[in-house]
Engineer: 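First the structure, then my questions, so here it is.
Order of listing sets the numbers, starting from 1, for every ligand and every atom in it. Heads up: numbering here begins at 1 and tracks the sequence.
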Amino acid sequence: MGALAKQDIVRLFHDHVSSGRADMFVSNDMDFVFGRRQGIYMWDIDGKKRLINCHSNGGVFNLGHRNPDIIDTLADALKDMDIGNSHLMSRQRALLAKRLADLMPGDITYTVFGVSGGESIDLAIKIARASTGRPKIISARGGYHGHTGFALAAGDEKYRKPFGPMAPGFVQVPFDSINALDRAMDRETAGVIFETVPATFGISVPDADYFRKVRDLCNSHGAVMIIDEVQTGLGRTGRLWGIEHFGVVPDIIVLGKGLSGGIYPITATCFRERFESVFKEDPFIHVSTFGGAEAGCSVALKVLDISSRQTFLDHVNTIAGMFKNGFEQFKQQYPKLIVAFRQLGLMMGVKMANELCGPVMTKACYDNGILSIYANNDTSVSQLMPPLIITEAETQEVLERLGAALGQVNTLLGL
Ligand SMILES: Cc1ncc(COP(=O)(O)O)c(C=O)c1O
């Protein structure tokens, strides 16, 4: 097709991928077309605009764009591997599952792989239902677990509404309210599912003892505790798994996004040994053609090697400290705009005065060379999730740019 001018790509995208998205970006003067990318940076296809990625696609780019170690690993794997066959036994899947078993808390020793977070959430819910023989699944209002069947049914109403009847048995409660969960749980409850820190709901960090109480309620009702670590996993919070901050071992942990190294899609449903019985009678009751593709397993193994190093986690915490200090100053500068700075490691959200602030901040960040996107289920919050490999000097630059963006939002909204 030869080289295409940027406006031709925008037109093709409009005409054949999504007219709604193209119109929205163009009308907001944000017609960025993804071009070159490296580390924390991404450039427009015409090379004219550079953004620092502080969205990281929810953690896909934890290790930065085109991380050279990940690329080498994939290139190596492609010398003698392909997707493999999900029906057969596989050295790569076995090694990756064993590595996950070693790194997971408690006796979470089995893993089934998928290709999307939603698919792996669906499987977690299938396991909860099959192992308990009960139908009810409780999740958080405003939470997000993906766009597929059960994951969609567990998520916020607005994503479900246009699509007709959902699977029955799903109930939502306010996040971080143990009383509400207590009232919702009964003998029909198969499981509860929560993000460790709900991202789309605005990086809402729960009380320190919330998940311990969730664990207790699950124990007393015989329900399965599912934790969605699609965004919080793999070092994002300064520990390998976000749930480690809360001192409990769930029954099932779901991983996605960052496990791909930003290069090869792979997701995982990791569960306690006792749930393996679900697959014992018919080991082919759940199959995923591309789930745990062998080349992708090599990538995920490398991601785990890098992300589980103490030096890596120490670095995340150092950078998190820089953001904490930076936002203490911003809060003094813009006391009416910034309501709270929400943070668990580098999982960060800026809670602002009203629901207009998030979209306005997204645009101001864009104009200042930062990709930061507001939380869809609480648009007063701007999500901040830079790649975990960001350096101290780069962090300083991000803080300067964020300061400028906050100043513009403050002026624009007359606060
Ligand atoms: C917390 C959480 N869970 C699950 C998902 C679904 O993942 P995927 O889009 O890969 O299906 C997402 C995606 O954004 C997510 O943020």
Side-chain angles (χ1 to χ4, degrees), residues 18 21 53-62 112-128 137-156 158-160 163 170 172 175-176 191-206 211 225-237 241-243 250 252-270 288-293 296 299-300 303 342 344-349 371-378 381-385:
S18 170
R21 286 190 193 197
N53 193 347
C54 286
H55 175 241
S56 295
N57 205 351
V60 170
F61 299 110
N62 280 346
V112 172
F113 297 102
V115 282
S116 77
E119 176 192 343
S120 287
I121 295 285
D122 279 1
L123 177 60
I125 291 171
K126 283 165 88 172
I127 293 173
I137 300 293
I138 304 173
S139 59
R141 215 166 282 152
Y144 182 75
H145 301 285
H147 276 4
T148 53
F150 291 153
L152 183 61
D156 201 59
K158 75 172 168 212
Y159 303 107
R160 292 186 251 130
F163 303 113
F170 286 79
Q172 260 94 43
F175 183 65
D176 201 17
V192 306
I193 174 163
F194 294 119
E195 295 158 80
T196 310
V197 177
T200 311
F201 190 44
I203 319 284
S204 178
V205 181
F211 284 119
M225 180 176 174
I226 304 166
I227 289 295
D228 179 339
E229 288 259 341
V230 167
Q231 294 214 25
T232 47
L234 299 164
R236 170 57 56 186
T237 67
W241 315 119
I243 197 68
I252 304 180
I253 291 181
V254 179
L255 305 178
K257 296 204 186 264
L259 198 61
S260 67
I263 296 285
Y264 201 110
I266 181 164
T267 62
T269 309
C270 308
S288 168
T289 300
F290 300 129
V299 164
V303 168
R342 298 173 170 174
L344 196 61
L346 287 179
M347 182 104 196
M348 302 177 289
L371 183 70
S372 157
I373 299 183
Y374 60 87
N376 229 0
N377 294 348
D378 179 355
V381 176
S382 210
Q383 299 175 325
L384 263 185
M385 295 180 62

Engineer: Could you tell me which atoms of ligand 1, counted from 1 in the order shown, lie closer than 4.0 angstrom to a heavy atom of Ser116?
Structural biologist: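 So the atoms of ligand 1 that pass are 10 (O), 11 (O).
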
Engineer: What I want to know is whether Asp228 and ligand 1 share at least one N or O pair that is separated by under 3.5 angstrom.
Structural biologist: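 It does: an N or O of Asp228 is found under 3.5 Å from an N or O of ligand 1.
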
Engineer: May I ask you to identify the nearest protein heavy atom to atom 10 (O) of ligand 1, giving residue, atom name and distance to one decimal place in Å?
Structural biologist: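 Result: Gly117 N, 2.8 Å.
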
Engineer: Check the side chains of Glu119 and Thr148 for a donor-acceptor pair under 3.5 angstrom, ignoring hydrogens and angles.
Structural biologist: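 Side-chain D/A pair, Thr148 to Glu119: absent.
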
Engineer: Any non-hydrogen atom of Glu229 lying under 4.0 Å from ligand 1?
Structural biologist: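 In this structure, Glu229 fails to qualify as a contact of ligand 1 - no heavy atom is under 4.0 Å.
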
Engineer: Determine yes or no for a side-chain-to-main-chain donor-acceptor pair under 3.5 angstrom, with Glu195 supplying the side chain and Tyr144 the backbone.
Structural biologist: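 Indeed, once roles are kept as given, a pair shorter than 3.5 Å links the two residues.
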
Engineer: Counting only heavy atoms not in Phe211, do more than 12 fall under 6.0 Å of its CZ?
Structural biologist: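 Result for CZ/Phe211: enclosed.
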
Engineer: State the atoms of ligand 1, each with its element, that fall below the 4.0 Å cut-off from a heavy-atom position in Glu195.
Structural biologist: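 Those qualifying, in numeric order: 1 (C).
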
Engineer: What I'd like to find out is whether the side chain of Tyr159 reaches to under 4.5 Å of the side chain of Asn376, using heavy atoms alone.
Structural biologist: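 A side-chain contact under 4.5 Å exists here.
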
Engineer: Does ligand 1 come near enough to Lys257 that some N or O of the ligand is less than 3.5 Å from an N or O of the residue?
Structural biologist: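 Yes; at least one N/O pair falls below 3.5 Å.
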
Engineer: Go through ligand 1 atom by atom and flag the ones less than 4.0 Å from a non-hydrogen atom of Gly118.
Structural biologist: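 Here the atoms of ligand 1 in question are 6 (C), 7 (O), 8 (P), 11 (O).
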
Engineer: Would you say Ile121 and ligand 1 have an N/O pair spaced under 3.5 Å apart?
Structural biologist: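 N/O-N/O distance under 3.5 Å: no.
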
Engineer: Can you tell me which residue and heavy atom of the protein come closest to atom 16 (O) of ligand 1, and the distance to 0.1 Å?
Structural biologist: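 For atom 16 (O) of ligand 1, the nearest protein heavy atom is Gln231 NE2, 2.8 Å.
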
Engineer: Keeping the roles fixed (side chain from Ser260, backbone from Lys257), state whether a donor-acceptor pair exists under 3.5 Å.
Structural biologist: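 Indeed, once roles are kept as given, a pair shorter than 3.5 Å links the two residues.
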
